[in-house]
Q: 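Structure in structure tokens, see below.
Position 1 is the first residue of the sequence, and the numbers go up from there.
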Amino acid sequence: MQSRLQRVGGMSAAGGDTPGDTRGEGTAAAGLFSFSPEPTLEEIRRLHAEFAAERDWEQFHQPRNLLLALVGEVGELAELFQWKTDGEPGPQGWSPRERAALQEELSDVLIYLVALAARCHVDLPQAVLSKMDINRQRYPAHLARSSSCKYTELPHGTISEDQAVEPSDLPCDSMSEAST
């Protein structure tokens, strides 16, 4: 019997899509990647809560404060990509210094996201499963494949799964081609 995670994500409960350990720099460049099983989001929440409590910082961690800190960290993450051109290698080709900065900024974003979710009493793993169910309904594969259209622009209910839809047939994709 499949778990909800397996049904929703199409991946094993361990989070990988291939057998064995596919983590690491070499496999990321080849397109294969999976997260390590630890720490869990709950462990990250606990580690951050302990860190904040040791410093008496809970008083500064209202939802608004955590959200603004999260936005600031996303801005710092965006700076790493800001002046890169499309022709440059992606993050896998960055220098060790740039990769370390990327790791730190992504970690900051995750820490603040988990802290905000905890403060708002949102169970992120369950919220993700629910949101993926919603996204599957909004973006049926046979309608959304190779399309950048928002779900409100897709021709819901008018095309069956065995009928092909070309991205150029959708108004939002043809407009984006015309504007570039």
Q: What residue pairs, at least two apart or across chains, pass salt bridge (Lys or Arg N to Asp or Glu O under 4.0 Å) with a residue in residues 84-94?
A: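 Qualifying pairs: K84-E98.
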Q: Which atom names give the shortest non-hydrogen contact between S36 and E38, and what distance separates them?
A: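 Answer, listing the atom of S36 first, then E38: OG-O, 3.0 Å.
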Q: According to the ring-ring contact (aromatic ring centres under 6.0 Å, His included) rule, which pairs have a member within residues 69-101, sequence neighbours left out?
A: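 Applying ring-ring contact (aromatic ring centres under 6.0 Å, His included) to every pair that reaches into residues 69-101, excluding sequence neighbours, yields F81-W94.
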Q: If you link I, L, V, M, F, W and Y whenever their side-chain heavy atoms are under 4.5 Å apart, who else ends up in the same group as I134?
A: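 Taking Ile, Leu, Val, Met, Phe, Trp and Tyr as members, I134 stands alone, with no cluster partners.
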Q: Supply the atom-to-atom distance L66 CG to R64 CZ, rounded to the nearest 0.5 angstrom.
A: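 Spacing of CG (L66) from CZ (R64) equals 11.0 Å.
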Q: Show the nearest heavy-atom pair for residues H61 and A52, with the distance to one decimal.
A: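 Looking at all heavy atoms of both residues, the shortest contact is CE1-CB, 3.6 Å.
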Q: Compile the donor-acceptor pairs under 3.5 Å between side chains in residues 68-79 and protein atoms, sequence neighbours left out, one pair per line.
A:
none

Q: Residues two or more places apart in sequence or in another chain: which of them pass side chain to side chain contact (heavy atoms under 4.5 Å, CB included) with R55?
A: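 Per chain and number, R55 pairs via side chain to side chain contact (heavy atoms under 4.5 Å, CB included) with F51, W57.
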Q: Please report the interatomic distance NZ(K150) to OH(Y139), rounded to the nearest 0.5 Å.
A: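 So the NZ of K150 and the OH of Y139 are separated by 6.5 Å.
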Q: Which pairs of donor and acceptor atoms, one on a side chain in residues 106-118, lie under 3.5 Å apart (sequence neighbours left out)?
A:
{"residue": "S107", "atom": "OG", "partner": "Q103", "partner atom": "O", "Å": "2.8"}

Q: Nearest 0.5 Å, please: how far is CD in E104 from CG in L102?
A: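 Here the rounded value is 10.0 Å.
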Q: Please list all pairs meeting salt bridge (Lys or Arg N to Asp or Glu O under 4.0 Å) that have one or both residues in residues 42-51, counting only residues at least two apart or in different chains.
A: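 Matches after skipping sequence neighbours: E42-R45, R46-E50.
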Q: Closest approach of C149 and S147, non-hydrogen atoms and distance?
A: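 Nearest heavy atoms, C149 then S147: N-OG, 3.1 Å.
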Q: Among residues at least two apart in sequence or on other chains, which ones pass side chain to side chain contact (heavy atoms under 4.5 Å, CB included) with N65?
A: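 With neighbours one apart ignored, the set is Q62.
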